[in-house]
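The structure appears right after this line, and notes come after that.
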Amino acid sequence: MIEYRIDRRSGIATYVQIVQQTKQALRLGMLRPGDRLPTAREVVEATAINPNTVLKAYRELEREGLVEARRGLGTFVRRTLGAAGADTPLRGELADWAARARAAGLDREDMTALFTAVLDEHFTQTQGDDT
């Protein structure tokens with residue numbers, strides 16, 4: 001089961017963090033169709049956030065067709081995202097790169113900026129190739 005980690009200093013709304021973390025777990029294969037998300041009460045107990053915030057995040061995920069609420073049973077995953085499994089060799093290569101970047105003195109924000117810049121360059125260059 002997924003465990004949400006809320007960063008109150010990030011400037012990102014709490015419900016958005018829950019949505020993003022759920023989507024990441026779906027992309028990495030950590031959540032699969034049929035899996036139950038933690039109840040709002042479980043999330044509140046683990047993170048000390050307002051239950052309405054959890055429900056707002058779950059409604060957003062439901063609106064996107066990723067989860068479904070089953071009355072009296074909980075919220076369940078309907079479908080996954082992407083194909084980047086948590087055990088893919090690319091993940092290991094990326095972990096190696098992150099370790100080298102950290103050893104070179106880059107912090108999390110530096111790595112995020114560098115990685116995002118490379119992604120932006122790659123997807124801008126190949127966007128026309130996808131047609």
Side-chain angles (χ1 to χ4, degrees):
M1 185 179 297
I2 188 169
E3 292 182 24
Y4 296 109
R5 290 180 174 77
I6 305 304
D7 181 356
R8 299 180 195 304
R9 296 172 285 137
S10 72
I12 299 171
T14 303
Y15 89 94
V16 173
Q17 291 182 53
I18 292 171
V19 170
Q20 289 174 339
Q21 289 175 38
T22 303
K23 287 181 175 181
Q24 182 176 7
L26 291 168
R27 285 192 188 285
L28 295 175
M30 297 165 61
L31 284 174
R32 294 195 165 93
D35 287 350
R36 185 178 68 82
L37 296 182
T39 65
R41 174 181 281 188
E42 291 168 337
V43 177
V44 167
E45 289 173 359
T47 61
I49 61 174
N50 187 303
N52 290 326
T53 301
V54 180
L55 297 174
K56 182 176 182 178
Y58 284 10
R59 280 192 306 270
E60 175 70 24
L61 292 163
E62 191 169 17
R63 189 169 47 252
E64 293 182 29
L66 299 173
V67 303
E68 65 180 335
R70 298 180 192 160
R71 189 177 270 305
L73 297 175
T75 303
F76 293 83
V77 174
R78 290 186 65 196
R79 66 182 179 90
T80 61
L81 291 172
D87 58 350
T88 179
L90 291 173
R91 186 183 195 290
E93 292 175 25
L94 187 56
D96 291 343
W97 174 83
R100 289 194 314 275
R102 189 163 188 189
L106 275 68
D107 64 17
R108 183 184 184 106
E109 289 79 19
D110 295 334
M111 285 187 255
T112 300
L114 182 58
F115 187 74
T116 300
V118 170
L119 284 177
D120 289 347
E121 289 172 17
H122 177 74
F123 283 96
T124 300
Q125 291 172 354
T126 61
Q127 202 166 25
D129 297 341
D130 292 342
T131 56

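Remark: Glu42 pairs with Arg36 by the salt bridge (charged side-chain N to carboxylate O under 4.0 Å, His left out) rule, at least two apart or across chains.
Two residues are said to be in side-chain contact when any heavy atoms from C-beta on lie closer than 4.5 Å; Ile49 and Tyr4 fail this criterion. Between Thr22 and Leu66 there is no side-chain heavy-atom pair separated by less than 4.5 Å. The shortest side-chain heavy-atom distance between Leu31 and Leu37 falls under the 4.5 Å cut-off. Between Thr47 and Val54 the shortest side-chain heavy-atom distance does not fall below 4.5 Å.
How far CZ of Arg78 is from CG of Leu61: 12.0 Å, rounded to the nearest 0.5 Å. The distance from atom CG of Leu28 to atom OG1 of Thr80, rounded to the nearest 0.5 Å, is 11.0 Å. Between atom OG1 of residue Thr124 and atom CG of residue Leu119 there is a gap of 10.0 Å, rounded to the nearest 0.5 Å. Summarising the geometry, atom CH2 belonging to Trp97 is positioned 14.0 Å from atom CG belonging to Leu90; distances are rounded to the nearest 0.5 Å. Here the OG1-CG distance, from Thr75 to Leu55, works out to 8.0 Å after rounding to the nearest 0.5 Å.
Applying the salt bridge (Lys or Arg N to Asp or Glu O under 4.0 Å) definition to pairs two or more places apart or across chains, none involves residues 1-19. Judged as a side-chain hydrogen bond (donor to acceptor under 3.5 Å, both in side chains), the pairs with a partner in residues 11-20 (not counting sequence neighbours) are, in order, Ser10-Gln17. The stretch residues 54-63 participates, sequence neighbours left out, in these salt bridge (Lys or Arg N to Asp or Glu O under 4.0 Å) pairs: Glu60-Arg63. Listed by first then second residue, pairs satisfying salt bridge (Lys or Arg N to Asp or Glu O under 4.0 Å) with a partner in residues 96-105 number zero, not counting sequence neighbours.
For the pair Val19 and Ala57, the tightest heavy-atom approach, listed with the atom from each and the gap, is CG2-O, 3.7 Å. The heavy-atom pair separating Ala40 from Pro51 by the smallest distance is CB-O, 4.5 Å. Between Val43 and Pro38, the shortest heavy-atom contact is CG2-CB, 3.8 Å.
With side-chain heavy atoms closer than 4.5 Å counting as contact, directly or through intermediates, Val118 stands alone and belongs to no larger hydrophobic cluster.
The number of heavy-atom neighbours closer than 6.0 Å to CZ of Arg70, taken from other residues, nucleotides and ligands shown, is above 12. Heavy atoms of other residues, nucleotides or ligands lying less than 6.0 angstrom from CZ of Arg79 number more than 12.
Phe76 and Met30 are members of different hydrophobic clusters when ILVMFWY side chains are connected at heavy-atom separations under 4.5 Å.
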